[in-house]
Amino acid sequence: MDNNETAKKKVVHFIRQIINKDIAENKKNSQVITRFPPEPNGYLHIGHAKSICLNFGLAEEYNGRCHLRFDDTNPIKEEQEYIDAIIEDVRWLGFDWGEHLYFASDYFEQMYAWAVQLIRAGKAYVDGLTTEQIREYRGTLTEPGVNSPYRNRSIEENLDLFERMRKGDYKDGEMVLRARIDMGHPNMNMRDPVMYRILHAKHPRTGDKWCIYPMYDWAHGLEDSIEGITHSICTLEFEDHRPLYDWFLDQLGIYHPQQIEFARLNLTFTIMSKRYLLKLVKEGIVSGWDDPRMPTISGLRRRGYTPAALRDFSERVGVAKRDSIVDSQLLEHCLREDLNRHAPRVMGVLNPLKVVITNYPEGKVEEFEAINNPEDEAAGVRKVPFSREIYIEREDFMLNPPKKFFRLAPGREVRLRYAYYITCTDVLQDEKTGDILELHCTYDPESRGGYTPDGRKVRSTIHWVSLEHAIDAEVRQYDYLLTVPDPSAETAKKEFMDYINPNSLTVLHHCKVEPSLVRQKVGFKCQFERKGYFMIDPDSKIPEGTLVFNQTVSLRDTWAKIAQAESGKH
RNA sequence: UGGGGUGUCGUCCAACGGCAGGACACAUGACUCUGGAUCAUGGUAUCGGGGUUCGAAUCCCUGCACCCCAGCCA
């Protein structure tokens with residue numbers, strides 16, 4: 001963490017308040033031990049990043065520790081690929097769990113013993129009802145449930161049945177172990193919840209050792225207890241599971257961590273549900289979990305996001321209990337702030353328009369010194385070659401410029417960044433279409449380096465790349481995944497798939513970038529001056545093939561706003 | 001019409017009986033060899049109705065709205 005980040009005032013949100021109070025009262029040994037407990041059934045997204053930053057951040061802040069624990073209790077959905085990806089993502093975000101890497105599956109034996117303890121205490125029983133029957137017996141939100149006919153089996157019978165469940169005497173779904181609580185409880189979770197189900201499935205870590213697997217409600221508190229977690233932070237939907245979390249721990253009489261719930265992160269113009277993200281991947285709407293449009297950590301990483309930006313964002317969105325949807329522009333702001341300080345500047349032309357500087361000597365090449373990062377003097381300078389033919393951005397020229405357009409136009413003079421002033425003298429157009437093919441300009445030799453002796457001003461400075469020195473590149477530009485900020489707020493009864501933005505990806509070929517970029521590797525982040533921040537994508541074929549850039553985020557564009565406002569007027 | 005939660009600028013988060021504040025967004029201006037960055041300025045909010053109090057976003061009563069829960073998912 002750099003100084004800038006730690007210097008920011010941190011809000012004492014309700015979880016910090018709980019911790020402060022605990023410490024003041026010397027509860028929990030005044031310790032802070034948290035955990036991030038992902039289920040390895042998919043890739044992590046930015047919502048998880050918030051949780052990671054919260055849990056690891058709190059531990060860091062209070063000189064405690066945070067465990068990375070895989071909640072691998074459902075072998076049907078979980079895979080080693082996900083375990084590996086999650087480890088990579090958490091590490092990339094900049095967190096370290098030391099030796100505290102755990103797996104729920106490592107506790108299966110202990111959990112089994114505790115289940116036996118509950119059976120012995122008459123607090124759990126083996127039920128032979130079918131899934132459908134269990135659902136029917138559970139009652140509804142407004143009606144109490146009905147006791148299972150198997151609820152009053154003897155302890156001995158339950159012990160025997162449970163052991164046989166483990167041994168594999170039954171098929172999937174034939175038996176379950178249930179807690180014996182209260183079928184009439186107003187909280188559905190307390191109506192004799194299932195503790196173990198039979199799953200003859202190969203587990204990524206335990207293989208075929210087990211055929212019974214613990215349910216979340218049974219397992220999670222035990223995992224927390226075993227690890228001595230002090231503050232078990234989870235999302236709001238687990239709020240009404242807390243009585244059950246507490247019940248199991250109390251019945252067992254073991255160490256009792258405190259579960260605390262906060263609101264999950266939502267972002268405008270995107271989706272956070274693992275189910276939907278999986279759908280996008282499966283249906284090929286995106287190229288994979290790490291598609292730069294995805295809100296997954298791997299997607300953001302490939303897009304060019306930095307861990308520092310994500311950590312800053314996580315702090316800034318705050319921690320509270322009310323449902324909310326954070327403006328994606330806050331995320332972008334955090335990103336730009338970080339990249340502005342750290343990304344070296346280069347010149348790259350996305351939509352090239354050829355310019356011939358008619359009074360510049362043919363064959364002559366000059367090199368101009370360019371500043372690598374005006375925000376960071378230590379970044380130094382580099383040389384950029386200049387010659388008679390260059391490319392400029394098509395957008396930087398208009399045949400009939402509106403009032404507030406300051407860039408190049410017929411007869412108008414602008415500055416070429418770090419080079420010369422040029423004036424447009426001729427426009428070559430396609431006779432049929434009117435398309436602008438090429439510009440002829442003259443330069444003022446007196447303006448070398450970007451200033452003139454007479455001190456005259458130009459309204460605009462534009463970027464450029466020397467034609468003969470330019471490197472060809474592909475640029476991928478991204479837009480939001482969705483066409484609406486919040487699908488759940490839409491009144492039309494549509495599916496989220498109806499709000500998928502068909503234009504979320506634009507691929508630009510034959511972009512022209514300055515030659516210094518040829519030395520860079522995959523993952524290199526830079527700013528194309530006046531355009532935005534870009535990162536070299538792994539799809540690049542370096543050094544011999546195509547260089548592929550992802551547009552991480554555009555620069556703030558005042559002109560675009562003006563132009564939009566103007567066009568809106570007419 | 002059971003249970004659990006939540007209502008503060010457009011958005012997110014503060015204020016914990018004492019001047020409703022910050023960030024993002026938006027708008028205007030200054031500056032600028034990036035229409036970037038930076039700086040300055042501005043507008044906009046306590047779900048409704050009662051009550052307690054010198055004083056209420058905060059406490060009480062009442063109503064309303066929204067979210068979550070009926071997986072052998074987590």
Side-chain angles (χ1 to χ4, degrees), chain A residues 8-9 11-13 17 37-39 41 71 73-74 76-77 127 129-131 134-136 138-145 172-178 185-191 193-199 212-213 215-217 219-220 234-243 261 263 265 268 274-275 316-334 336-337 340-341 345 347 370-371 374-375 404-407 415-419 421 449-451 457-463 485 488 527-532 554-562:
Chain A
K8 271 175 197 148
K9 278 187 222 96
V11 171
V12 184
H13 53 66
Q17 286 180 18
E39 184 194 11
N41 68 343
D71 210 359
T73 57
N74 185 357
I76 291 169
K77 291 184 177 174
D127 197 350
L129 253 32
T130 63
T131 310
I134 286 182
R135 192 192 315 126
E136 286 160 17
R138 188 153 32 224
T140 67
L141 294 177
T142 50
E143 297 158 330
D172 287 10
E174 211 173 331
M175 295 283 175
V176 290
L177 182 72
R178 293 230 254 169
H185 201 108
N187 180 341
M188 301 288 286
N189 295 305
M190 300 298 272
R191 319 242 260 231
V194 173
M195 295 165 64
Y196 278 95
R197 76 286 216 190
I198 297 168
L199 254 29
I212 56 171
Y213 290 92
M215 298 287 291
Y216 171 87
D217 285 314
H220 207 84
C234 61
T235 42
L236 249 31
E237 68 271 26
F238 293 104
E239 214 148 15
D240 40 345
H241 291 242
R242 185 169 7 110
E261 311 85 13
L265 174 73
T268 57
K274 261 190 191 177
R275 203 182 115 230
R316 290 215 218 188
V317 294
V319 178
K321 296 195 69 146
R322 74 181 84 123
D323 291 315
S324 60
I325 180 159
V326 173
D327 194 333
S328 285
Q329 289 186 94
L330 176 61
L331 212 212
E332 291 167 7
H333 170 81
C334 294
R336 289 192 182 105
E337 200 169 73
N340 177 48
R341 281 199 299 271
R345 273 57 168 172
M347 290 198 282
I371 295 163
E375 307 292 324
K404 290 173 183 167
F405 184 86
F406 304 141
R407 285 110 93 148
R415 174 191 291 115
L416 293 176
R417 181 90 159 140
Y418 299 120
Y421 287 11
Y451 295 98
K457 303 266 193 213
V458 286
R459 281 305 294 270
S460 184
T461 298
I462 64 174
H463 60 279
S488 74
Q527 181 195 105
F528 286 180
E529 294 215 30
R530 306 205 310 125
K531 296 310 293 181
S554 69
L555 247 31
R556 287 190 62 215
D557 191 344
T558 308
W559 163 244
K561 273 181 199 165
I562 294 168

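Reminder, nothing fancy here: chain letters follow the sequence lines and each chain counts from 1.
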With heavy atoms under 4.0 Å as the rule, sort [X] into base, sugar-phosphate or nothing.
| X | answer |
| --- | --- |
| A:Arg556 | sugar-phosphate |
| A:Met215 | sugar-phosphate |
| A:Glu39 | sugar-phosphate |
| A:Ile325 | sugar-phosphate |
| A:Thr142 | base |
| A:Thr130 | base |
| A:His463 | nothing |
| A:Leu177 | nothing |
| A:Thr131 | base |

Under 3.5 Å, is there an N or O donor on one side and an acceptor on the other linking the side chain of [X] and the base of [N]?
| X | N | answer |
| --- | --- | --- |
| A:Glu375 | B:rG36 | yes |
| A:Arg407 | B:rG35 | yes |
| A:Gln527 | B:rU34 | yes |

Check: A:Asn74 and A:Asn41 side chains under 4.5 Å, non-hydrogen atoms: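 Result no, sub-4.5 Å side-chain heavy-atom pair not found.
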
Contact check, side chains of A:Trp559 and A:Arg407, non-hydrogen atoms, under 4.5 Å: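 They are in contact (side-chain heavy atoms under 4.5 Å apart), so the answer is yes.
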
Sub-3.5 Å pairs of nitrogen or oxygen atoms, protein against nucleotides 63-68 of chain B:
residue	atom	partner	partner atom	Å
B:rC67	O2'	A:Asp323	OD2	3.1

Please produce a list of atom pairs where a protein N or O lies less than 3.5 Å from an N or O of nucleotides 20-23 of chain B.
residue	atom	partner	partner atom	Å
B:rA23	O2'	A:Arg316	NH1	3.1

Duplex segments of RNA chain B, taken as runs of at least three Watson-Crick or G-U pairs that stay under 3.5 Å: B:2-7 with B:64-69, B:10-13 with B:21-24, B:26-30 with B:38-42, B:47-51 with B:59-63

